[in-house]
Q: 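Let me give you the structure first, and then I'll get to my questions.
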Amino acid sequence: ICASGPVPAWPVGPFMHVIASCTWSLLHFASVRCTVRTGCTAGVRFGAKLTGGAAGFSAAPAHQIPGNSVMNGLSKSRIMSSLQCLKKVHLEVHRKDLQEFSSKTEAAFAVGHEVGEMAIRLYGRGRGVEVQYDDSGLSKALGTTRELMASGIQEPIFEATLEHEGVLVREDVLFHVDSGRDWRIVEVKASTKVKPEHVLDCAIQAWVHRGAGHDFESISLSHINKQFRYRGDGKYDGLLVENDLTGEVKKELPSVPHWVEQAKEAVEGPMPAIPVGAQCTKPYDCPFMGYCWPGDSQYPISGLGGSRKKLGLLVMNGYRDIRDVPASEISGQDHERIHRVTRQGEPELLPGAKAFVDELPYPRFHLDFETIGPAIPIWPGTRPYQALPIQWSCHIERSGSVVEHKEFLDLSGEPPMRKLAEQMIRDLETTGPVLMYTEYERRIILGLAGMFPDLAEELHAIVDRLVDLK
């Protein structure tokens, strides 16, 4: 309803315990399934190719950059980083101290580890050998892999470690093909579909595999099957689905040496002068955005939100603060409003906002959900990444000055969805607008109605009372 430039500093009040409860809830449910395996590389992924090359370099050579470290080689993930941004891979080697991973990225890493563990369970079925990569070092992992591949092993090898021309890869699952000396490579991802970047990821894998002296019959990407429904019996057959990428990968193989050379030049030479832009968040958020994007002003350009490409152009043109940008450089209704309010320094109320609020009858229910979406389902009848409500909070306005609070949070570890729905039906009563800010609450309530048909009529009645403030 209103925008006021800077993010408001909320005082401690009735909303704070909701945040604390949500944090506790998420920690509790994360502890149900989260496992981390030393050396697992699942979760490290890549995005789109960098366009425009690496035109322009900074004046300072790498050895003069504080915190510089010696490069002994390149991993697959670093080559992938170089395809997203050459400056990124340079900083990954020389200035790790500048990395700032968002909670979203760290959660993605944790999910990747968990899916990697499940892949070992599903592909191994109690068999197979996992190549350990620990304090004993890289040479041992490489040696163990060579011995296993030379032995004619018929069981799957997990995390096979190979190196070619200074590039290191770890293959999630490797099968010996009975018909000859070829191998079947399986790369595991926690995504629900094959993405363009996955083909490039597998191409680097295949290039190193072949360069290390081994051929391959096929290379596939195994990802989460979003249609899988867990029965609650501890069995996860069908959770992962394979896609054969052999044809697409072979088309990319001739390009890999160029990618490798480009990455080596970026790491060994001066830091590439790559301007900020869309590549900072596509396909993954770069952990160096805090370093590359100007943040030393009261209202940084990034506060406009929206397209990173568009914001990057403003930064390239020398603007560091929203208030410094001429109105002629701003386009789009949201950007124009944020720019106007920030420059004026006064809150702005949309025309008709007060009348809209005044017309809302009492009681008014301000509803908010918190959900989880495990990649590997933990409760019977649920699917991967399904948004499952575990908590709701509702502030109820009985009049202009009387506010009470209702909430639901179940920490038992049992499926909370039905109890959550039943209490919500009781506490939201039968009359009065249920206020939300996006369509998210609607989707969650409709999902509950589909999950519990006997509650559907009452849940649909709540949906009919929803008022979207956005």
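Just the heavy atoms: all of them, side chains too, but no hydrogens, waters or symmetry mates, feed the values below.
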Q: Which atom names give the shortest non-hydrogen contact between Val89 and Leu86, and what distance separates them?
A: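 Scanning both residues completely, I find the closest heavy atoms to be CG1-O, 3.2 Å.
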Q: Could you tell me whether the side chain of His113 and the main chain of Ala110 form a donor-acceptor pair under 3.5 Å?
A: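 No.
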Q: Looking only at the side chains, is there a donor atom on one of Ser81 and Glu92 sitting less than 3.5 Å from an acceptor on the other?
A: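 Yes, side-chain donor-acceptor contact under 3.5 Å.
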Q: Look at the side chain of Asp321 and the backbone N and O of Tyr299, then say whether any donor-acceptor pair between them is shorter than 3.5 Å.
A: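 Yes; judged by distance alone, with no hydrogens or angles, the pair exists.
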Q: Please tell me if the side chains of Ile204 and Met80 come closer than 4.5 Å, counting only heavy atoms from C-beta onward.
A: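 Yes. Closest side-chain heavy atoms under 4.5 Å.
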Q: Going through the distances and angles, do Lys250 and Glu248 end up as a salt bridge (Lys or Arg N to Asp or Glu O under 4.0 Å)?
A: CA-CA 6 Å; Lys250 287 185 175 179; Glu248 294 95 319; over 6 Å; no
Q: Any side-chain heavy atom of Pro384 sitting closer than 4.5 Å to one from Pro377?
A: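 Counting from C-beta outward, Pro384 and Pro377 do come under 4.5 Å.
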Q: Return a table of donor-acceptor pairs under 3.5 angstrom between the side chains of residues 305-320 and protein atoms on other chains or two or more places apart.
A:
{"residue": "Ser307", "atom": "OG", "partner": "Lys309", "partner atom": "N", "Å": "3.2"}
{"residue": "Ser307", "atom": "OG", "partner": "Lys310", "partner atom": "N", "Å": "3.1"}
{"residue": "Asn317", "atom": "ND2", "partner": "Leu313", "partner atom": "O", "Å": "3.2"}
{"residue": "Arg320", "atom": "NE", "partner": "Asp296", "partner atom": "OD1", "Å": "3.3"}
{"residue": "Arg320", "atom": "NH2", "partner": "Asp296", "partner atom": "OD1", "Å": "3.2"}
{"residue": "Arg320", "atom": "NH2", "partner": "Asp296", "partner atom": "OD2", "Å": "3.4"}

Q: Find the distance between OG1 (Thr342) and CG (Asp324) and round it off to the nearest 0.5 Å.
A: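 It is 11.5 Å, given to the nearest 0.5 Å.
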Q: Hey, mind stepping through Phe408 and Met424 against side chain to side chain contact (heavy atoms under 4.5 Å, CB included) and telling me if it holds?
A: CA-CA 8 Å; Phe408 175 90; Met424 181 176 65; over 6 Å; no
Q: So, does Glu441 use its side chain to make a donor-acceptor pair with the main chain of Asp368 at under 3.5 Å?
A: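 Pair absent, no side-chain N/O of Glu441 close to backbone of Asp368.
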Q: Nearest 0.5 Å, what's the NZ-CD1 distance between Lys264 and Ile79?
A: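 If I round to the nearest 0.5 Å, the distance is 8.0 Å.
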Q: Might you point out which heavy atoms bring Phe365 and Cys394 nearest each other, and give the distance in Å?
A: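 Result for this residue pair: CB-SG, 3.7 Å.
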Q: Is there a side-chain contact between Leu435 and Leu367 (heavy atoms, below 4.5 Å)?
A: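 No, every pair of side-chain atoms sits at 4.5 Å or beyond.
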Q: Filter on side chain to side chain donor-acceptor pair (under 3.5 Å), then keep only pairs touching residues 356-366, sequence neighbours left out; what's left?
A: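 Sorted result for residues 356-366: Lys354-Asp358, His366-Glu397.
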Q: One pair to check against side chain to side chain contact (heavy atoms under 4.5 Å, CB included): Arg170 and Tyr133. What are the steps and the verdict?
A: CA-CA 10 Å; Arg170 306 198 72 206; Tyr133 181 62; 3.4 Å; yes
Q: Could you tell me which residues satisfy side-chain contact (heavy atoms from CB on, under 4.5 Å) with Arg343, sequence neighbours excluded, listed by chain and number?
A: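 Expected list: Arg323, His339.
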Q: Find out whether Pro300 and Trp293 are in side-chain contact, i.e. whether some heavy atom of one side chain is under 4.5 Å from a heavy atom of the other.
A: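 Contact flag for Pro300/Trp293 side chains = no.
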Q: For residues 271-280, pull every pair meeting salt bridge (charged side-chain N to carboxylate O under 4.0 Å, His left out), keeping only residues two or more places apart or in separate chains.
A: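 Every candidate salt bridge (charged side-chain N to carboxylate O under 4.0 Å, His left out) pair involving residues 271-280 fails, so no pair, neighbours aside, qualifies.
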Q: Tell me whether Asp468 is salt-bridged to Lys470, with the criterion being a basic N under 4.0 Å from an acidic carboxylate O.
A: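 No salt bridge links Asp468 with Lys470.
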Q: Taking all atoms of both residues into account, what is the closest heavy-atom pair of Ile224 and Ala375, and its distance?
A: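 Shortest heavy-atom separation between Ile224 and Ala375 comes out as CD1-O, 4.2 Å.
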Q: Once side-chain contact (heavy atoms from CB on, under 4.5 Å) is applied, do any residues pair with Tyr291, and if so which ones, sequence neighbours excluded?
A: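 In terms of side-chain contact (heavy atoms from CB on, under 4.5 Å), with neighbours along the sequence ignored, Tyr291 is linked to Lys87, Leu91, Leu98, Met271.
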Q: By ring-ring contact (aromatic ring centres under 6.0 Å, His included), which residues pair with Phe101, not counting sequence neighbours?
A: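 Phe101 satisfies ring-ring contact (aromatic ring centres under 6.0 Å, His included) with Phe109 only.
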Q: His90 and Pro270: which non-hydrogen atoms are nearest, and at how many Å?
A: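 Result for this residue pair: CE1-C, 3.7 Å.
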Q: Looking only at the side chains, is there a donor atom on one of Glu171 and Gln205 sitting less than 3.5 Å from an acceptor on the other?
A: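 No - no donor-acceptor pair under 3.5 Å links their side chains.
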Q: Using modelled atom types only, decide if a donor and an acceptor are shared between the side chain of Gln99 and the backbone of Arg95 within a distance under 3.5 Å.
A: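 Looks like no, no N/O pair under 3.5 Å.
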Q: So does Ile219 get a backbone contact from the side chain of Thr246, meaning a donor-acceptor N/O pair under 3.5 Å?
A: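 Yes; at least one donor-acceptor contact below 3.5 Å.
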Q: Considering residues at least two apart in sequence or located in another chain, which fulfil the salt bridge (charged side-chain N to carboxylate O under 4.0 Å, His left out) criterion with Glu429?
A: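 Partners of Glu429 by the salt bridge (charged side-chain N to carboxylate O under 4.0 Å, His left out) criterion, ordered by chain and then number, come out as Arg398.
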Q: For the residue pair His405 and Ser393, confirm or rule out a side-chain donor-acceptor distance under 3.5 Å.
A: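 Indeed, the side chains of His405 and Ser393 share at least one donor-acceptor pair under 3.5 Å.
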Q: With rounding to the nearest 0.5 angstrom, report the CG to CG distance, Leu83 to Asp201.
A: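 Result: 10.0 Å between the selected atoms.
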Q: Nearest heavy-atom pair of Leu74 and Val260: which atoms, and what distance?
A: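 In this case the closest contact between Leu74 and Val260 is CD1-O, 4.0 Å.
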Q: With distance as the sole test, does Asn225 use its side chain to make a donor-acceptor pair with the main-chain N or O of Gly238 at under 3.5 Å?
A: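 Side chain of Asn225 to backbone of Gly238, a donor-acceptor pair under 3.5 Å: yes, one is there.
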Q: Would you sort out whether Glu252 and Trp207 count as a side chain to side chain contact (heavy atoms under 4.5 Å, CB included), showing the intermediate values?
A: CA-CA 9 Å; Glu252 296 288 350; Trp207 181 79; over 6 Å; no
Q: Tell me, please, which residues at least two apart from Gln386 pass side-chain contact (heavy atoms from CB on, under 4.5 Å).
A: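 Here the qualifying residues are Thr382, Arg383, Leu388, Met451.
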Q: Can you tell if the side chain of Trp259 reaches within under 4.5 Å of the side chain of Leu200, non-hydrogen atoms only?
A: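 Yes, close enough: below the 4.5 Å cut-off.
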Q: How long is the straight-line distance from CD of Glu261 back to CD of Glu165, given to the nearest 0.5 Å?
A: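 Answer for the CD-CD pair, Glu165 versus Glu261, is 9.0 Å.
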Q: Restricting to non-hydrogen atoms, name the atom on Gly413 and the atom on Trp379 that form the minimum distance, rounded to 0.1 Å.
A: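 Looking at all heavy atoms of both residues, the shortest contact is O-NE1, 3.0 Å.
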Q: Report the distance from atom CG of Leu240 to atom OG of Ser222, rounding to the nearest 0.5 Å.
A: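 Going from CG on Leu240 over to OG on Ser222, the span is 4.0 Å.
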Q: I need the full list of salt bridge (charged side-chain N to carboxylate O under 4.0 Å, His left out) pairs touching residues 98-108, with sequence neighbours left out, sorted by first then second residue.
A: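 Of all non-adjacent pairs touching residues 98-108, none passes salt bridge (charged side-chain N to carboxylate O under 4.0 Å, His left out).
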Q: Hey, what do you get for OH (Tyr385) to CD1 (Ile376), rounding to the nearest 0.5 Å?
A: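 Interatomic distance, Tyr385 OH to Ile376 CD1, rounded to 0.5 Å: 8.5 Å.
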Q: Among residues at least two apart in sequence or on other chains, which ones pass salt bridge (charged side-chain N to carboxylate O under 4.0 Å, His left out) with Glu439?
A: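 Applying salt bridge (charged side-chain N to carboxylate O under 4.0 Å, His left out) to Glu439 gives Arg442.
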Q: Apply side chain to side chain contact (heavy atoms under 4.5 Å, CB included) to Asn243 and His198, showing your working.
A: CA-CA 11 Å; Asn243 289 265; His198 294 156; over 6 Å; no
Q: Which residues pass the salt bridge (charged side-chain N to carboxylate O under 4.0 Å, His left out) test with Glu336, not counting sequence neighbours?
A: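 Counting only residues at least two positions away or on another chain, Glu336 forms no salt bridge (charged side-chain N to carboxylate O under 4.0 Å, His left out).
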Q: Quick one: list whatever passes side-chain contact (heavy atoms from CB on, under 4.5 Å) with Pro389, sequence neighbours left out.
A: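 Pro389 satisfies side-chain contact (heavy atoms from CB on, under 4.5 Å) with Phe369, Thr371, Met417, Leu420, Ile444, Leu448 once adjacent residues are dropped.
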Q: Taking Arg340 for the side chain and Glu348 for the main chain, is one N or O donor matched with an acceptor at less than 3.5 Å?
A: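 Here the side-chain-to-backbone pair does not exist.
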Q: Is a donor on one side and an acceptor on the other found under 3.5 Å between the side chain of Thr281 and the backbone of Tyr284?
A: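 Pair absent, no side-chain N/O of Thr281 close to backbone of Tyr284.
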Q: Find out whether Leu221 and Lys189 are in side-chain contact, i.e. whether some heavy atom of one side chain is under 4.5 Å from a heavy atom of the other.
A: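 With C-beta onward as the side chain, the pair touches.
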Q: Does a side-chain heavy-atom distance below 4.5 Å link Pro433 with Pro361?
A: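 They are in side-chain contact.
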